[in-house]
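Below is one structure, written out as structure tokens; the observations come after it.
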Amino acid sequence: GDSVTQMEGPVTLSEEAFLTINCTYTATGYPSLFWYVQYPGEGLQLLLKATKADDKGSNKGFEATYRKETTSFHLEKGSVQVSDSAVYFCALSDSWDDKIIFGKGTRLHILP
Amino acid sequence: EPEVTQTPSHQVTQMGQEVILRCVPISNHLYFYWYRQILGQKVEFLVSFYNNEISEKSEIFDDQFSVERPDGSNFTLKIRSTKLEDSAMYFCASRSGVTGELFFGEGSRLTVL
């Protein structure tokens, strides 16, 4: 079945550092890909998405590009802030109304 | 901004007891979901609900689980006889039929003793 694998955390960086969180997926078709973020004490929020190959999703300085050839959707940010500390989940969905399948999540700590 | 609300935020129960977790989805959404997250593990799909019936359920969603939309606003998850391994954070989500975006509640933490 479909699945998502993302890098283990926690990831600890200093403020203004460059961030990459790796994510790869396995799917039979052409899924939509997502990054969700969970801030402490809150629910899951959609951070960005991409629905087809080579699409780039972006939001709040974060970016991820849908790479079909490497089945990847790595999350990047050029300069992280303390407020970016959260758990980040890579996810996929086979169609817009289908369930979303999540990775295990990567906890990110940003030090001032 | 519209949001999905869940109650209770935390419930502690004894093994074998029934638990009902409540969710109020965003009002014009048509698709509803329950997910759970055991501490430190991935967010797992439990069930999806559309047009007043279950549209898909996972292997986790066995006969001990049920969902209802009793009054057109609430969406409930019932666990009939809780087990220790049911301890988790349970997330409700609803989906817009227009944009397809999924909105999650803040979760209900269930602790089974």
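Just so it is clear: chains get the letters A, B, ... in the order the sequence lines come, proteins before strands, and each one is counted from 1. In what follows, every heavy atom counts, from backbone to side chain, and hydrogens, waters and symmetry copies are set aside.
Heavy-atom distances place no part of B:Ser108 under 4.5 Å from chain A, backbone and side chain included. Of the atoms belonging to B:Gln37, it is side-chain heavy atoms, and not backbone ones, that fall under 4.5 Å from chain A. Only the backbone of B:Gln41 comes within contact range of chain A, with heavy atoms under 4.5 Å apart. For A:Ser32, no part lies under 4.5 angstrom from a heavy atom of chain B.
Listed options A:Ile100, A:Val87, A:Leu46, A:Val4 were ranked by heavy-atom pairs under 4.5 angstrom with chain B; first place goes to A:Ile100. Top candidate by heavy-atom pairs under 4.5 Å with chain A, chosen from B:Lys42, B:Met89, B:Glu3, B:Glu101, is B:Lys42.
Placement of B:Trp34 and B:Ile26 in two distinct hydrophobic clusters is found when ILVMFWY residues are connected by side-chain heavy-atom separations under 4.5 Å, directly or transitively. Cluster annotation: B:Phe61 and B:Leu84 are assigned to the same hydrophobic cluster (Ile/Leu/Val/Met/Phe/Trp/Tyr, side-chain heavy-atom contacts under 4.5 Å, transitive).
Atom CG of A:Asp98 and atom OG of B:Ser55 lie 8.5 Å apart (nearest 0.5 Å). With values rounded to the nearest 0.5 angstrom, B:Glu44 atom CD is found 13.0 Å from A:Lys99 atom NZ.
Residues satisfying the side chain to side chain donor-acceptor pair (under 3.5 Å) criterion with A:Glu42, sequence neighbours excluded, are A:Gln45.
For residues 91-113 of chain B, the pairs satisfying ring pair (Phe, Tyr, Trp, His ring centres under 6.0 Å) are A:Tyr36-B:Phe104, A:Phe102-B:Phe104, B:His29-B:Phe103, B:Tyr35-B:Phe104, with sequence neighbours left out.
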